[in-house]
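Every chain is numbered from 1 and lettered A, B, ... according to where its sequence line falls, protein lines coming before strand lines.
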Amino acid sequence: VKVLQENGDDPEKHLTITASQSLDDTDLCILKNDWGSIPVQPGDIIHLEGECKSGTWIITRDSGYLILYPDLLLSGTTISNSIRCMRKAVLSEKFRKCESGTCQMLIGTILHEIFQKTGTNFTQEELQELAFRTIHGPKYLKEMYQLNVKQHEIMQDIEEYLPSFSKWAEGFVHRPTQTNRIKMQLKLPSDDSKEDLSCNIEVTEFLDIEENIWSPRFGLKGKIDVTAAVKIHRRSGTQQKIMPLELKTGKESNSIEHRSQVVLYTLLCQERRVDPEAGFLLYLKTGNMYPVCGNRMDRRELLKLRNQLAFYLLQNVCKSSRENEQTQLASLPPLISDSQACKYCSQKHNCVLYSRAVEQQMENIFIPPDMGPVIEKETEHLKASHLEYFSLWYLMLTLESQYGKNKKGYRNIWMMSASEREKAGDCVGNMIRVERVQEVSDGQYLHWFQRKNGTMVGTNLMLGDRVVVSGEERTLLGISTGYVKEVSGNKISCLLDRNLSKLPKNILFRLDHEEGHFGVDASLGNLSKLMEDSSASERLRSLIIDFCKPQFIQHLSSVLPHEAKETVANILKGLNKPQKQAMKQVLLSKDYTLIVGMPGTGKTTTICALVRILYACGFSVLLTSFTHTAVDNLLLKLARFKVGFLRLGRAQKIHPDIQKFTEEEICRSKSIKTVAQLEELYDSQPIVATTCMGVNHPVFTRKRFDFCIVDEASQISQPVCLGPLFYSHRFVLVGDHQQLPPLVQNAEARDLGMSESLFKRLERNKNAVVQLTVQYRMNSKIMSLSNKLVYEGKLECGSEKVSQATINLPYLEDVKLELELLANTSETWLKETLDPNNPVCFLNTEKAGCKPSDIGIISPYRHQLKIITDLMPSSYVGTVEVNTVDKYQGRDKSIIIVSFVRNNNDGNLGELLKDWRRLNVAITRAKHKLIMLGCAPSLCHYPPLENLLCHLNTEAMISFLDMLLLDFVGAGPSSPGAAHPSGAHEHVYQCNLL
DNA sequence: CCTCTGCCTAGAGGA
């Protein structure tokens, strides 16, 4: 889009538009009337509805629509919410987590479900029965726990509505009798103006409930409560239509918001079938139903509102005018000042926070005069440092969320064909539904899909991944979402939220991997919470933002209960000195402790011991980490001791051996059916384990813990790490900032400091830090590398055995013999490796008797790993573990082979290798043997690697390229001219026989 | 220049 001309008097905008990236084939688009006010800018993507006559589109009051950023789908409720206050609508999109539910909302949800399930034919008895089953089923128990309400209280409220269900049915279902017929006025856009508008409405069938529709045509999305087959009886005749019904359980307001929702649904429905032209608002409190016409004016105004919203949601940053081109946050839609609306607004906190922390730093910001004092008062508990922290993190999170905007996201589901998307592994197309759909539980349906012809393509889809199911044809876009249950051969099973068995058998489906940026949502929620005026938030602000010195008490005797002493002593027996010191430090802490777990120092053992000790002392513990795997690693160890715990999180992501500790399983085995029983379960568990992002669970709205332990804390970004800390009085972060930091994709966000973990940030308070320095993984030679590189000699071996451990190769002598017979020299392998005709070699390690599963191959690059895997004998694939450095963090193997890949003359090492933390991880994974392959002269361009190579050279650990190396490393401080040629040779020999 | 894990969500009602 290119803006050509703007006329001040008659707001009219002329746009040059093109459907192709090159500008050769352009059309003209004229925006008349107030369409000209749409904030469309050159380069924007738009969608036009209407007619194009001789290369010119004209969008006016009476015809045509312009959709700005049509790939941004906004929900019906978001748009109708923006009518009163657009600022609120934008904030609700950004701070999704911040809206807490109420009892009326829960009742509303339950009533929706009951009404939708009853269909058009029911008795009061059946209704009562269904209501009872719904309320006493497992589905809403957690929400009732959160709201602290009893089931019978909900049942009472629900019962009041049930007679109205019948009243509605009498008036509108199945040819109502003459006396019951309700007359209403309905003028459809297609109706003749002279027509008699009075009619009776007859709902004949519920064709669908909770129909999910995505409409990239209008930039809308939403769920239709009921898609109904309707007959409109008029004097002139009967018309049949498929129309949306919108259910409301609150006051019969017939408000503009309610009506707008229906108007938007009439647009959404066009994605699936012909324009319904109108829909109905059905108030379940009274049983009254009102028609809502989707007329041109309402649709036009709502789409204009959508465009405005889309603009605010996407244009959330701007480049500063200063020469350094720093990105700055943009302002939100202006503050309204409606004391009544603002008083009850669920986004009030975020609204004033953004105004104070971000907008008040800008020039030319208008604040309604009566809002000034309100903002002042609502943020008076925040210091300047807090506001700065908020606005910096808000900016970094915004930048990071923009990173994948074009690559990822929903839009690929409609912008790319399935076969196109299959190449990246994010989609599987050409699937048909096979076998019967199985209703696993309320609202969860197990489906099987099979490739229609040909074999399955390679896919990234894995157990537990979220998927979007669509028809290969555009009309069935996003019909359902769910999780992958199983991928086997050419079949995929999914647990979906809707039953697709009603659709025609021959429909071709595609399953798209659903990515998203949930991390950003959770982060913003936590950031907002950190700024709340509560004692927990205030404490965290002072500790985290203002670096208040963590406090410790003097004597253990005051925290250690007498009866726990023996148990604690027993647990301590199994620990080494620094580990014991860590236990003591945590017990003495009043605020927090940081445990630095250097490679192989027994972090898991230490955390387990800590949990057991805290448990013995009668403390409650919240145990978390960023990934499910890390949480389960701890739990697998913990389960061996007789310590019980509650594991929260999605079942499919949890280790099979831990399943019996999940909420789902416990509720099943104990057949928990009431809120009281659930409450009892939660209260009986002093140890709760989940991921950092799993703290959205209802349990945390009511429960607090004495301690929170966060494992792998150095890999978690600050706002995510913050999540669990709100629910505990003291916390323990375990990590090692010398290993990999949190992943940040956006370079600007990284430069602003986004990859600094909370662990790293708090490490400046030395009195809170304990270091685990005794390691049990690497032998002394391997350990020396990392000691030299990062740990300044602090690392030590746990025992002589660890220090001297080498690989055991039972057939070594046989192999030696065999090699000599075969090639008459022990350097065959070396020659082959150097032979120009063998560009890539795999060192076959089978012969000497080493288990393939003891070997790990690592590299910074996925493509390198792909090549290595492809060259490996197929019997090794899957047993010799080939993975990235990043994926190997926290793990080890007896033998590790590192491929550094880079080899060039201009010293170009790339970003990945230049992170010394990644290098540290790479060299600290091996227990007995570490083999590194790389071009020494290339690697020497990077000082830490040069340092490492220098050390290797001094210690005679470099093989067969030492002649070259001397030229580059020779200048190093401790490098002698010709370093142990015999030693180097010996090492080659060792490699060969491996 | 290529390293990747988290999460159920659109709408439940109030004024």
Side-chain angles (χ1 to χ4, degrees), chain A residues 73-78 80-81 84 92-93 96-97 99 101-113 140 143 210 212-214 220-225 246-251 253 255 257-258 261 285 338-346 403-404 407-408 443-444 460 464-466 481-483 495 497 514-523 525 625-630 649-650 653 690-696 712 715-717 720 723 740-745 747 858-865 883-889 908 910-913 915 917-918 921-922:
Chain A
L73 308 186
L74 297 178
S75 74
T77 40
T78 299
S80 47
N81 265 331
R84 252 186 208 227
S92 308
E93 282 285 296
R96 289 168 185 281
K97 261 183 67 184
E99 318 249 339
T102 65
C103 205
Q104 286 95 325
M105 287 184 193
L106 177 59
I107 289 167
T109 310
I110 296 173
L111 280 167
H112 271 70
E113 186 180 320
Y140 299 105
E143 278 164 90
E210 295 285 318
N212 187 54
I213 305 181
W214 290 350
L220 300 174
K221 66 182 167 189
K223 287 191 160 134
I224 314 285
D225 280 341
E246 170 63 17
L247 313 180
K248 293 288 171 198
T249 49
K251 273 193 188 148
S253 62
S255 64
E257 282 86 355
H258 288 178
Q261 232 177 307
K285 212 171 221 167
D338 175 341
S339 57
Q340 205 54 27
C342 294
K343 193 174 164 191
Y344 299 102
C345 178
S346 55
Y403 172 82
K407 272 195 193 164
K408 289 185 165 190
Q444 280 202 306
N460 298 336
D465 279 350
R466 274 190 72 79
T481 54
Y483 304 96
L495 269 178
D497 59 347
E514 187 193 88
E515 309 107 337
H517 44 261
F518 305 103
V520 177
D521 282 356
S523 297
S625 184
F626 188 49
T627 63
H628 287 290
T629 325
R650 290 217 14 257
K653 291 279 186 183
T690 187
T691 60
C692 285
M693 290 200 234
V695 294
N696 236 346
E712 311 219 316
Q715 278 187 287
I716 310 174
S717 79
V720 172
L740 286 166
L743 183 80
V744 176
Q745 287 154 334
I858 64 182
S859 168
Y861 306 103
R862 282 235 156 262
H863 282 287
Q864 177 77 356
L865 300 175
N883 231 326
T884 57
V885 181
D886 300 59
K887 283 264 193 180
Y888 253 103
Q889 177 152 337
N908 185 2
E911 289 298 311
L912 294 189
L913 268 180
D915 193 324
R917 292 165 295 201
R918 183 169 283 107
V921 172

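- Taking atom CG on A:L913 and atom P on B:dC2, their separation rounds to 9 Å, with Å as the unit.
- In this structure, CZ of A:R862 is placed 20 Å from P of B:dC1, rounded to the nearest angstrom.
- Within the 4.5 Å cutoff, the side chain of A:P860 has no heavy atoms near those of the A:D886 side chain.
- Paired regions of DNA chain B, requiring three or more successive Watson-Crick or G-U pairs whose two hydrogen-bonding distances fall under 3.5 Å, are not present.
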* Asked: Checking side chain to side chain contact (heavy atoms under 4.5 Å, CB included) for the pair A:K887/A:R862: CA distance, chi angles, key distance, verdict?
  -> CA-CA 11 Å; A:K887 283 264 193 180; A:R862 282 235 156 262; 3.8 Å; yes

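- Regarding A:Y140, its OH atom lies at a distance of 17 Å from the P atom of B:dC8, rounded to whole Å.
- We find that CD of A:E712 is positioned 10 Å from P of B:dG6, with the value rounded to whole Å.
- Across the protein-nucleic acid pair, A:Q745 atom CD and B:dC4 atom P stand 10 Å apart, rounded to whole Å.
- Comparing B:dT5 with B:dC1, their P atoms sit 23 Å apart, to the nearest whole Å.
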* Criterion side chain to side chain contact (heavy atoms under 4.5 Å, CB included) on A:D465 and A:Y483, from CA distance to verdict -> CA-CA 5 Å; A:D465 279 350; A:Y483 304 96; over 6 Å; no

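- Atom pair A:Y861:OH and B:dC2:C1' shows a separation of 9 Å (rounding to whole Å applied).
- With B:dC7, B:dT5, B:dC8 as the candidates, the nucleotide lying closest to the side chain of A:M693 is B:dC7.
- No side-chain donor-acceptor contact under 3.5 Å links A:H258 to the backbone of A:K248.
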* To do: May I have the step-by-step check of side chain to side chain donor-acceptor pair (under 3.5 Å) for A:S75 and A:T78, ending in yes or no?
  => CA-CA 5 Å; A:S75 74; A:T78 299; 2.8 Å; yes

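- B:dC4 atom C1' lies 14 Å from atom CG of A:L865, rounded to whole Å.
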* Spell out protein contact along nucleotides 10-15 of chain B as letters: B when the base is contacted, S when just the sugar-phosphate is, - when no protein heavy atom is under 4.0 Å; keep the 5' to 3' order. => SBBBBS

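- Here A:K653 does not reach the OP1 or OP2 of B:dC7: none of its side-chain N or O atoms lies under 4.0 Å away.
- Protein atom NE2 of A:H628 is 12 Å distant from nucleotide atom C1' of B:dC8, rounded to whole Å.
- Atom CG of A:N883 is separated from atom CD of A:Q889 by 13.0 Å, given to the nearest 0.5 angstrom.
- Checking B:dT3, B:dG6, B:dC8 against the side-chain heavy atoms of A:R466 singles out B:dC8 as nearest.
- The main-chain N or O of A:G482 is never found under 3.5 Å from a side-chain atom of A:D497 such that the two would form a donor-acceptor pair.
- A donor-acceptor pair is defined here as one N or O able to donate and one able to accept, closer than 3.5 Å; such a pair exists between the side chain of A:R918 and the backbone of A:L912.
- By the neighbour-count criterion of 12 heavy atoms within 6.0 Å, atom CZ of A:R917 is densely surrounded, having more than that number from other residues, nucleotides or ligands.
- Checking the phosphate oxygens (OP1, OP2) of B:dT9, no side-chain nitrogen or oxygen of A:T481 falls inside 4.0 Å.
- Counting atom types as modelled, A:E514 pairs no side-chain N or O with a base atom of B:dC7 as donor and acceptor under 3.5 Å.
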